[in-house]
Amino acid sequence: MEHHTFYEESYWGTDVRIRQTTQGSDTLVIFLPGQNYSCELPVLHYAVQSAIEQGLDVLLMEYGFQSARVALEREQRSILEEEVLETVQHYSEGYDKLVFVSKSLGTLLAGYASQHIEAQHISHLFLTPLDGTLDYIVRSSGLVIYGTKDSLFSEESRAKLEAYASTQLDIIKIADAGHGLEVTDVKKSVAHLSQLAGAYTNFFDTIKNSAYS
């Protein structure tokens, strides 16, 4: 297993840090964090560790506006989409399978990138998606996880999502959880993390067995 750190220029005038762990896999798992939720925080951290435990290569992304410590303006999102796409294209060369693991803002970026990249097999793990992600989700295969009290994923979007559930798209609802998949009770939040860890293991095991494609 090898760990690499790379730095790429961004529109925001700072370099972004790209971290990659390789262990000879034909599958690259690309992690796209939330606007204020890094890959070090629990929901994504345990997903990263699960992918590595399953023997998959991983790529952890950072965004230019995060590195610059500034807010993302609405009109800058298209710039961010293109930067993410270019980075994914560069680091995914030579892989047979791509898996996008994304949270919140990252789900929009994962959807955009997957629609504009050429790869044999692309799967998704959408974590706490936004309403705007729904159009990407219904054209994807993989897994969606959201909290039933997430104010950023409306009841209308949830209802539409349920209608698209299939053998290629699984859905897990975390009871009473908000956008961070947390609840006010600490013990229940820890139990939810345990539930997530199990879901991650099953998801990446399914990826290895090529059930999602």
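Numbers here simply count residues along the sequence, with the first being 1.
A donor-acceptor contact closer than 3.5 angstrom links the side chains of Thr133 and Thr107. Using modelled atom types and a 3.5 Å distance limit, the side chains of Asp57 and Tyr95 yield a donor-acceptor pair.
Of the inter-residue distances, the one linking Ser25 atom OG with Ile52 atom CD1 reads 11.5 Å to the nearest 0.5 angstrom. Atom CG of Leu32 and atom CG of Leu105 lie 9.0 Å apart (nearest 0.5 Å). For the atom pair NZ (Lys97) and OG (Ser92), the distance works out to 15.5 Å, reported to the nearest 0.5 Å. Taking CD of Gln54 as the start and CD of Gln49 as the end, the distance is 12.5 Å to the nearest 0.5 Å. For the atom pair CZ (Arg17) and SG (Cys39), the distance works out to 9.5 Å, reported to the nearest 0.5 Å. Residue Ile79 holds its CD1 atom at 10.5 Å from CD of Glu73, rounded to the nearest 0.5 Å.
With Glu182 contributing its side chain and Gly180 its backbone, the two residues share a donor-acceptor pair below 3.5 Å. Checking side-chain atoms of Gln115 against main-chain N and O of Tyr112 turns up no donor-acceptor pair under 3.5 Å. Between the side chain of Asp131 and the main chain of Ser154, a donor-acceptor pair closer than 3.5 Å is present. Arg69 places no side-chain N or O within donor-acceptor distance of the main-chain N or O of Phe65, the cut-off being under 3.5 Å. Of the possible donor and acceptor atoms, one in the side chain of Arg158 sits under 3.5 Å from a partner among the backbone N and O of Thr148. Of the possible polar contacts, none joining the Thr27 side chain to the Leu56 backbone as a donor-acceptor pair under 3.5 Å is found. Counting only distance, with no hydrogens or angles, the side chain of Ser104 and the backbone of Gly106 share no donor-acceptor pair below 3.5 Å. Of the possible polar contacts, none joining the Lys149 side chain to the Ala175 backbone as a donor-acceptor pair under 3.5 Å is found. Gln66 places a side-chain N or O within donor-acceptor distance of the main-chain N or O of Gln35, the cut-off being under 3.5 Å.
Leu109 and Ile117 fall within a single hydrophobic cluster, where Ile, Leu, Val, Met, Phe, Trp and Tyr side chains are chained together by heavy-atom contacts under 4.5 Å. Follow the hydrophobic side-chain contacts under 4.5 Å out from Leu152 and you never reach Val183; the two are in separate clusters. Note on Val84 and Tyr7: separate hydrophobic clusters, where clusters join Ile, Leu, Val, Met, Phe, Trp and Tyr whose side-chain heavy atoms are under 4.5 Å apart, directly or indirectly. Clustering ILVMFWY residues whenever any of their side-chain heavy atoms sit less than 4.5 angstrom apart, transitively, puts Leu41 in the very cluster that holds Ile174.
No more than 12 heavy atoms of other residues, nucleotides or ligands sit less than 6.0 Å from atom CD of Glu155. Within a 6.0 Å sphere centred on CD of Glu75, heavy atoms belonging to other residues, nucleotides or ligands number more than 12. Within 6.0 Å of OH on Tyr11 lie no more than 12 heavy atoms contributed by other residues, nucleotides or ligands.
Of all non-hydrogen atoms in Thr21 and Met1, the two that sit nearest each other are CG2-CG, 3.6 Å. Residues Tyr136 and Leu108 approach most closely at CE1-O, 3.7 Å, considering heavy atoms. Shortest non-hydrogen contact noted between Glu62 and Ile18 is N-CD1, 4.3 Å. Gly64 and Thr14 make their closest contact through O-OG1, 3.5 Å (heavy atoms, listed as atom of the first residue, atom of the second, distance). Between Ala199 and Ile145, the shortest heavy-atom contact is CB-CD1, 4.2 Å. When all heavy atoms are compared, the tightest approach of Ala51 to Val29 is CB-CG2, 4.2 Å.
Side-chain atoms of Leu127 and Leu125, non-hydrogen and from C-beta on, do get closer than 4.5 Å to each other. In this structure, the side chains of Pro129 and Ile137 come closer than 4.5 Å at one or more pairs of heavy atoms. Residues Leu181 and His192 are not in side-chain contact: their nearest non-hydrogen atoms beyond the backbone lie 4.5 Å or more apart. Looking at heavy atoms from C-beta onward, Ser141 lies out of side-chain contact with Leu169 at the 4.5 angstrom threshold. You'll find the side chain of Phe126 stays beyond 4.5 Å of the side chain of Leu143, heavy atoms only. Looking at heavy atoms from C-beta onward, Glu162 lies in side-chain contact with Ile171 at the 4.5 angstrom threshold. Side-chain contact check for Tyr63 versus Pro33: some heavy-atom pair is nearer than 4.5 Å. Inter-residue side-chain proximity for Phe31 and Val58 is flagged as met; some heavy-atom pair is nearer than 4.5 Å.
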**Message:** Leu28 vs Gln20, test: side-chain contact (heavy atoms from CB on, under 4.5 Å). Steps then yes/no.
**Reply:** CA-CA 9 Å; Leu28 179 66; Gln20 187 174 29; 4.0 Å; yes

**Message:** Quick one, Glu9 with Asp15, criterion side-chain contact (heavy atoms from CB on, under 4.5 Å). Give me CA distance, side-chain angles, the key distance, then yes/no.
**Reply:** CA-CA 5 Å; Glu9 293 181 358; Asp15 289 345; 3.8 Å; yes

**Item:** Step-by-step side-chain contact (heavy atoms from CB on, under 4.5 Å) determination, Leu59 to Arg19
**Value:** CA-CA 6 Å; Leu59 186 75; Arg19 289 169 291 161; over 6 Å; no

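Partners of Tyr37 by ring-ring contact (aromatic ring centres under 6.0 Å, His included), not counting sequence neighbours: none found. Scored by the ring-ring contact (aromatic ring centres under 6.0 Å, His included) test, Tyr200 finds no partners at all (sequence neighbours excluded). Contacts of Ser38 classified as side chain to side chain donor-acceptor pair (under 3.5 Å), with partners at least two apart in sequence or in another chain: Glu40. With sequence neighbours left out, the side chain to side chain donor-acceptor pair (under 3.5 Å) criterion links Thr128 to Lys103. Residues that satisfy the side chain to side chain donor-acceptor pair (under 3.5 Å) test with Ser114, not counting sequence neighbours, are His124.
Residues in residues 151-181 take part in these ring pair (Phe, Tyr, Trp, His ring centres under 6.0 Å) pairs, two or more places apart or across chains: Tyr146-Phe153.
Salt bridge Glu81/Arg77: present, at least one basic N to carboxylate O contact under 4.0 Å.
Ring centroids of Tyr91 and Phe6 are separated by less than 6.0 Å, placing the two rings close together.
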